[in-house]
Amino acid sequence: MSIELVLADPQPVLLAGLSQVFQACPEFSVKACASTGDDALAAVKKHQPDILVMDISLANRSGWSVLEDVQQHHPLTRPVVFTDAPIEDVMRVIDQGVQGLVGKDKSRQALAHCIQAVHAGHQWLDRDLTLKSLSVLMAQQKKKPVPITPLTPRELTVARMVTQGLPNKKIASQLFISEGTAKLHLHHIYQKLQCPGRMSLQRYMQDNGLM
């Protein structure tokens with residue numbers, strides 16, 4: 001069975017190139033191409049693909065809105081972000097729990113590997129982008145030290161699951177709680193540790209030997 005794709009990118013030439021590359025591979029099946037956020041979301045609703053390959057810089061409906069909608073309402077479609085967005089946006093992508101992230105400076109082969117890994121249920125994050133994000137985060141934390149605040153046993157469990165790359169829905173399933181409760185735990189964790197997102201939380205857990 002081929003991996004069904006919807007491709008979304010604001011650059012027509014790049015979009016056409018991606019479509020041509022994946023259509024030529026028997027492992028993939030391109031169901032639709034979109035250059036705007038509205039078209040991308042419409043294509044996901046129509047085709048219910050395995051993977052949505054998208055840039056975060058989409059017009060009409062923002063890439064953030066598309067990403068949030070897909071994560072909340074189309075759980076069978078897994079987003080893979082293929083982007084050259086600023087590092088601050090990359091950090092936000094990681095904080096939203098996206099399982100696949102590839103920089104546009106990488107080869108099409110790297111993108112294909114990412115898609116295959118995410119489709120198999122694994123996380124595949126561009127190493128260079130992740131390291132750059134961690135460097136920025138470390139610089140920010142040096143300017144503003146984070147006080148150590150104890151977490152409850154349940155919060156510590158949730159924090160560890162988050163740093164393992166698990167999305168809120170899977171955390172809720174494994175702990176037999178609602179997704180809303182998982183989000184509430186995460187909100188309390190962020191408040192207690194003064195961590196702005198998932199990457200910051202991961203760094204805190206590593207620095208304090210809590211992984």
Side-chain angles (χ1 to χ4, degrees), residues 1-133 136 165 167 169 197-199:
M1 294 290 290
S2 59
I3 301 174
E4 297 184 351
L5 308 176
V6 164
L7 308 176
D9 195 281
Q11 302 176 39
V13 175
L14 179 58
L15 186 60
L18 287 176
S19 178
Q20 186 175 11
V21 167
F22 287 117
Q23 288 285 28
C25 298
E27 296 91 347
F28 303 100
S29 175
V30 178
K31 294 300 180 182
C33 294
S35 58
T36 69
D38 286 335
D39 290 344
L41 198 53
V44 168
K45 290 179 179 179
K46 179 179 179 180
H47 299 285
Q48 297 295 314
D50 299 309
I51 302 289
L52 167 63
V53 180
M54 61 174 289
D55 192 346
I56 210 67
S57 305
L58 295 173
N60 292 351
R61 181 189 293 266
S62 73
W64 302 113
S65 176
V66 173
L67 188 58
E68 183 177 0
D69 194 292
V70 171
Q71 288 177 319
Q72 289 186 359
H73 303 298
H74 303 279
L76 297 181
T77 297
R78 296 173 178 173
V80 166
V81 175
F82 184 53
T83 189
D84 56 1
I87 197 64
E88 291 78 10
D89 288 341
V90 170
M91 294 171 68
R92 183 177 172 186
V93 167
I94 296 173
D95 282 342
Q96 286 196 223
V98 171
Q99 297 298 100
L101 171 66
V102 187
K104 284 187 175 179
D105 59 330
K106 297 299 187 295
S107 67
R108 300 294 185 269
Q109 186 178 17
L111 178 57
H113 287 328
C114 177
I115 292 171
Q116 291 168 332
V118 171
H119 181 252
H122 307 300
Q123 186 180 56
W124 199 105
L125 301 179
D126 188 305
R127 185 172 182 274
D128 292 336
L129 290 179
T130 303
L131 289 176
K132 288 179 182 177
S133 299
V136 171
K169 190 169 186 178
R198 289 174 183 259
M199 287 199 66

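These numbers come from the heavy atoms of this one structure, side chains and all, not from hydrogens, waters or symmetry mates.
In this structure, D95 contributes its side chain and M199 its backbone to a donor-acceptor pair below 3.5 Å. Judged by distance alone, the side chain of N60 and the main-chain N or O of D38 form no donor-acceptor pair under 3.5 Å.
How far CD of Q109 is from SG of C25: 10.0 Å, rounded to the nearest 0.5 Å. The distance from the CG atom of L125 to the OG atom of S133 is 9.5 Å, given to the nearest 0.5 Å. A distance of 10.0 Å separates CG of L41 from OG1 of T36, quoted to the nearest 0.5 Å. To the nearest 0.5 Å, atom CD of residue Q123 and atom SG of residue C114 are 9.5 Å apart. Once rounded to the nearest 0.5 Å, the distance linking CG of L67 with CG of L52 reads 8.5 Å. Taking NZ of K31 as the start and CZ of F22 as the end, the distance is 15.0 Å to the nearest 0.5 Å.
Counting heavy-atom neighbours within 6.0 Å of K104 NZ, excluding the residue itself, gives a total above 12. Around CD of Q72, the count of heavy atoms belonging to other residues, nucleotides or ligands within 6.0 Å exceeds 12.
W124 places none of its side-chain heavy atoms less than 4.5 Å from the side chain of H119. Taking the side chain as every heavy atom from C-beta outward, V44 and D69 never approach each other to under 4.5 Å. Put simply, the side chain of Q71 does not reach to within 4.5 Å of the side chain of P167, judged on heavy atoms. In this structure the side chain of R108 reaches within 4.5 angstrom of the side chain of L18, judged on heavy atoms. Side-chain contact check for I56 versus V90: every heavy-atom pair is 4.5 Å or farther apart. Within the 4.5 Å cutoff, no side-chain heavy atoms of T83 are placed close to those of D89.
Pairing each heavy atom of K132 with each of I87, the nearest pair is CB-CD1, 3.6 Å. Of all heavy-atom pairs between H74 and Q48, the closest is ND1-NE2, 3.3 Å. The minimum heavy-atom distance between V118 and Q99, with the atom names listed, is CG2-O, 3.7 Å. Nearest heavy atoms, L15 versus S35: CD2-N, 4.3 Å. Counting all heavy atoms, side chain and backbone alike, K106 lies closest to D128 at NZ-OD2, 3.1 Å. Annotation for A43 and P49: closest pair O-CD, 4.5 Å, computed over non-hydrogen atoms.
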field: D84/D55 under side-chain contact (heavy atoms from CB on, under 4.5 Å): CA gap, chis, key distance, verdict
entry: CA-CA 8 Å; D84 56 1; D55 192 346; 4.2 Å; yes

task: Show the numbers, then the answer: is there a side-chain contact (heavy atoms from CB on, under 4.5 Å) between L111 and V80?
output: CA-CA 9 Å; L111 178 57; V80 166; 4.1 Å; yes

